[in-house]
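Note sheet for the following structure.
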Amino acid sequence: MKRALVAMSGGVDSSVSAFLMKEAGFDCTGVTMRLFDNEDAGMEREKSCCSLDDVEDARAVANRLGIPYFVFNFKADFKRCVIDRFIEAYECGATPNPCIDCNRFLKFERLYRRAREIECDYIATGHYARIEKSGGRFLLKKAKDLTKDQSYVLYSLTQEQLAHTKFPLGEFEKSEVRKIAEEHGFVNAKKHDSQDICFVPDGDYAKIIELHTGKSYPHGNFVGIDGKILGEHKGIIRYTIGQRKGLGLALPEPLYVCEKRIDTNEVVLGRNEDLFSREFNVTDINWIAFDAPPEKFRASAKIRYRQKEQPAEIIKDGENKVHVVFDEPQRAITSGQAAVFYDGDTVVGGGTII
RNA sequence: UGGGAUGUCGCCAAGUUGGUUAAGGCACAGGACUUUGACUCCUGCAUUCGUGGGUUCAAAUCCCGCCAUCCCAG
């Protein structure tokens with residue numbers, strides 16, 4: 001019997017994924033990763049993912065399934081690989097996606113290694129995505145339920161990881177997953193779906209950055225495309241490309257963040273149409289569909305979660321970089337975000353936008 | 001001190017031949033969406049129109065005084 005380590009966050013999805021793994025005949029062990037202290041998140045109330053409440057939910061489900069359950073303390077790794085990188089990205093003027101780092105470094109690296117150490121053949125998670133073997137390769141594909149598809153946040157998976165990973169929810173609709181949870185009396189069957197960044201439960205990520213670094217980020221100028229000073233911003237880490245709300249400026253028309261200039265501590269504001277562009281560069285790439293990409297190929301590129309991928313030409317640019325040219329200009333291409341390339345429902349690869 | 005102009009929600013700004021509940025945008029707040037940040041969507045947001053009188057069945061809209069601001073002239 002194959003052994004599987006099932007990552008259980010305490011939510012419905014991973015609970016049902018544990019159930020399905022057991023049904024499929026795996027010898028399962030449930031585990032919740034302890035990633036941070038709530039005090040670090042400035043929260044006295046536990047209501048984010050992987051909090052103590054969630055641990056209790058996960059434990060309850062594991063008990064119901066009759067599988068062993070553990071909590072692994074990955075706080076140090078999480079700080080180093082997710083929180084610190086998150087902060088660094090913002091300090092450099094980029095806009096990071098910490099969920100992607102968490103998948104890359106925690107779930108499918110740290111947890112995967114631990115799984116191997118305790119002689120598990122697979123790790124299983126509640127992600128909505130599919131893994132298919134084709135020829136000698138493992139391919140990452142979109143979920144059947146396209147409204148829940150999470151293949152975007154999984155582009156970093158290597159062939160070895162894909163070979164030892166199961167996504168039991170890939171063939172299910174979300175509604176079916178909830179139904180399964182209800183039928184089996186899981187405590188979290190009706191639990192609310194999502195949250196913000198798990199270590200920033202109230203959404204104020206700038207506050208968390210200041211809490212961690214002990215720094216405060218200097219105010220500076222909002223300037224127009226024409227260079228005219230429009231007002232004062234409250235620290236450059238508080239803004240991201242395409243942002244409209246929270247500028248605190250009362251102008252005759254809505255303005256959006258078009259550019260962040262770290263060197264001069266300026267935030268450039270412009271109109272919505274000023275946000276569109278068609279070319280950008282991607283680095284730190286992981287290819288899934290092949291070991292090395294062709295010099296040039298066409299694909300659909302997705303530049304943020306929950307946005308439909310758009311046709312583009314991908315041009316190799318050095319070892320671990322590509323240049324991307326969209327057929328049509330896209331809004332607010334943002335450095336730090338992930339660009340993921342698709343061929344139909346297959347993830348070709350992805351990387352970080354520079 | 002003369003001459004002119006203006007004064008409507010935190011900001012911008014419709015509405016001024018008088019007539020039900022004072023447009024809209026920005027900002028802000030709350031919610032939806034969502035395993036990132038954003039975007040987007042929904043809801044809320046001046047019983048009151050610088051101020052004090054007057055005319056009228058009825059005034060932000062007409063009349064008078066006052067106050068404030070801006071411009072020109074000196």
Side-chain angles (χ1 to χ4, degrees), chain A residues 7-14 17 33 35 47-51 54 82-83 85-87 89-104 106-107 125-129 143 145 147-156 167 169 174 177 191-209 222 230-234 236-260 267 269 271-276 302-308 330-340 350 352-353:
Chain A
M8 299 177 72
S9 67
V12 217
D13 291 332
S14 55
S17 124
M33 299 184 290
L35 299 175
K47 62 178 182 189
S48 67
C49 107
C50 313
S51 70
D54 293 310
V82 180
I83 298 180
R85 283 171 60 89
F86 175 82
I87 292 168
Y90 265 111
E91 290 187 336
C92 292
T95 303
N97 184 333
C99 293
I100 285 179
D101 279 344
C102 181
N103 286 331
R104 177 178 177 180
L106 270 291
K107 293 193 187 85
T125 71
H127 285 108
Y128 286 83
D145 185 344
T147 67
K148 296 299 295 180
D149 173 55
Q150 293 174 314
S151 57
Y152 172 83
V153 293
L154 298 167
Y155 76 84
S156 70
F167 297 138
L169 305 188
K174 177 75 185 198
V177 170
K191 193 163 167 181
H192 199 279
D193 247 16
S194 55
Q195 62 278 322
D196 299 323
I197 301 172
C198 66
F199 57 94
V200 187
D202 65 351
D204 190 349
Y205 69 83
K207 186 179 76 187
I208 297 299
I209 292 176
F222 281 124
L230 298 173
E232 189 189 67
H233 75 240
K234 298 199 281 284
I236 207 159
I237 61 165
R238 291 173 185 277
Y239 308 95
T240 186
I241 306 301
Q243 179 174 337
R244 167 181 177 175
K245 296 288 178 184
L247 303 181
L249 297 179
L251 299 158
E253 60 179 349
L255 288 186
Y256 302 81
V257 174
C258 290
E259 186 187 345
K260 300 205 289 181
V267 175
L269 266 27
R271 289 192 281 195
N272 193 54
E273 50 263 41
D274 296 321
L275 286 166
F276 286 79
K302 178 163 168 160
I303 53 171
R304 55 169 53 74
Y305 194 68
R306 278 196 309 287
Q307 177 170 95
K308 190 162 170 41
Q330 300 297 313
R331 183 181 182 279
I333 301 172
T334 305
S335 73
Q337 294 286 291
V340 178
T352 306
I353 297 170

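Chain letters run A, B, ... following the sequence lines, proteins first, then strands; residues in each count from 1. A quick note: this is a predicted structure, and the numbers were derived from the prediction, not measured.
- The gap from the P atom of B:C45 to that of B:A23 amounts to 11 Å, rounded to the nearest Å.
- A:T334 is listed as a side-chain neighbour of A:R304, based on a closest heavy-atom distance under 4.5 Å.
- Closest heavy-atom contact between A:Q150 and A:Y305: CG-OH, 3.2 Å.
- A straight line from CZ of A:R331 to C1' of B:U40 spans 9 Å, rounded to a whole angstrom.
- Side-chain atoms of A:R306 and A:Y152, non-hydrogen and from C-beta on, never get closer than 4.5 Å to each other.
- Considering only side-chain N and O atoms, A:Y256 lies under 4.0 angstrom from the phosphate OP1 or OP2 of B:U40.
- For the P atom pair drawn from B:C64 and B:C11, the interatomic distance equals 29 Å after rounding to whole Å.
- Atom-to-atom, CD of A:Q337 to C1' of B:A38 comes out at 8 Å; the value is rounded to the nearest Å.
- Residues A:Q307 and A:T147 each lie close to RNA chain B; by heavy-atom proximity, the contact nearer the 5' end of the strand is made by A:T147.
- The distance between atom CZ of A:R304 and atom P of B:A38, rounded to the nearest whole Å, is 12 Å.
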Tabulate atom names and distances for all N/O pairs under 3.5 angstrom spanning the protein and nucleotides 48-50 of chain B.
none

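- Within 4.0 Å of A:Q150, counting heavy atoms only, lies at least one base atom of the nucleic acid.
- When every heavy atom of A:A338 is checked against every heavy atom of A:I100, the shortest pair comes out as CB-CD1, 3.4 Å.
- Residues passing the side-chain contact (heavy atoms from CB on, under 4.5 Å) test with A:K191 are A:D54, A:D57, A:N188, sequence neighbours excluded.
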Quiz item: Checking side-chain hydrogen bond (donor to acceptor under 3.5 Å, both in side chains) for the pair A:N272/A:R331: CA distance, chi angles, key distance, verdict?
Solution: CA-CA 8 Å; A:N272 193 54; A:R331 183 181 182 279; 2.8 Å; yes
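- Listed by first residue number, the stems of RNA chain B with at least three Watson-Crick or G-U pairs below 3.5 Å are B:1-7 with B:67-73, B:10-12 with B:24-26, B:28-32 with B:40-44, B:50-54 with B:62-66.
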Mind listing the N/O atom pairs, protein and nucleotides 30-32 of chain B, below 3.5 Å?
none

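- Not one side-chain nitrogen or oxygen of A:R238 sits closer than 4.0 Å to the OP1 or OP2 atom of B:G37.
- Across all strands, A:Y205 comes closer than 4.0 Å only to sugar-phosphate atoms, never to a base (heavy-atom distances).
- Whole-Å rounding puts the A:I236 CD1 to B:G37 C1' distance at 15 Å.
- Exactly one of A:D13, A:D149, A:D145 qualifies for a side-chain hydrogen bond (donor to acceptor under 3.5 Å, both in side chains) with A:Y128. That residue is A:D13.
- Across all their heavy atoms, A:R85 and A:R104 have their closest contact at NH2-NH1, 4.2 Å.
- Across all strands shown, A:P98 has heavy atoms under 4.0 Å from sugar-phosphate atoms exclusively, and none from any base.
- Taking atom P in both B:G7 and B:C12, the straight-line distance is 12 Å, to the nearest Å.
- Straight-line distance between the P atoms of B:A59 and B:A29: roughly 38 Å, to the nearest whole Å.
- Taking 4.5 Å as the limit, every side-chain heavy atom of A:T125 sits out of range of all side-chain heavy atoms of A:L169.
- A:I236 approaches A:V267 most closely through the heavy-atom pair CG1-CG2, 3.9 Å.
- The separation of B:C26 from B:U40, taken at their P atoms, amounts to 9 Å, rounded to a whole angstrom.
- Note: CD1 (A:I197) to C1' (B:A38) measures 11 Å, nearest angstrom.
- As a whole-Å value, the separation of A:I303 CD1 from B:C39 P is 15 Å.
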Quiz prompt | Sugar-phosphate or base contact per nucleotide [nucleotides 23-28 of chain B; S, B, -; heavy atom under 4.0 Å] | solution = --BBSS
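- Going from the C1' atom of B:G18 to that of B:A58 covers 8 Å, rounded to whole Å.
- Between the P atom of B:U34 and the CD1 atom of A:I100 lies a distance of 18 Å, rounded to the nearest Å.
- Taking the ring centroids of A:F199 and A:F86, they lie under the 6.0 Å cut-off.
- Summarising the local packing, NZ of A:K174 is surrounded by more than 12 heavy atoms from other residues, nucleotides or ligands at distances under 6.0 Å.
- Among residues two or more places apart in sequence or in another chain, the side-chain hydrogen bond (donor to acceptor under 3.5 Å, both in side chains) test is passed with A:T240 by A:T95.
- In this structure, A:Y152 places its OH atom 10 Å from C1' of B:G37, rounding to the nearest Å.
- Nucleotides B:U6 and B:A60 are separated by 15 Å at their C1' atoms, to the nearest Å.
- A:S14 and A:A7 make their closest contact through CB-O, 3.3 Å (heavy atoms, listed as atom of the first residue, atom of the second, distance).
- Comparing B:U8 with B:C62, their P atoms sit 15 Å apart, to the nearest whole Å.
- Side-chain atoms of A:Y256 and A:D274 form no donor-acceptor pair, as typed in the model, at a separation below 3.5 Å.
- Ring-plane geometry between A:Y90 and A:Y205 is classed as parallel, the angle between the planes falling under 30 degrees on a 0 to 90 degree scale with a further cut at 60.
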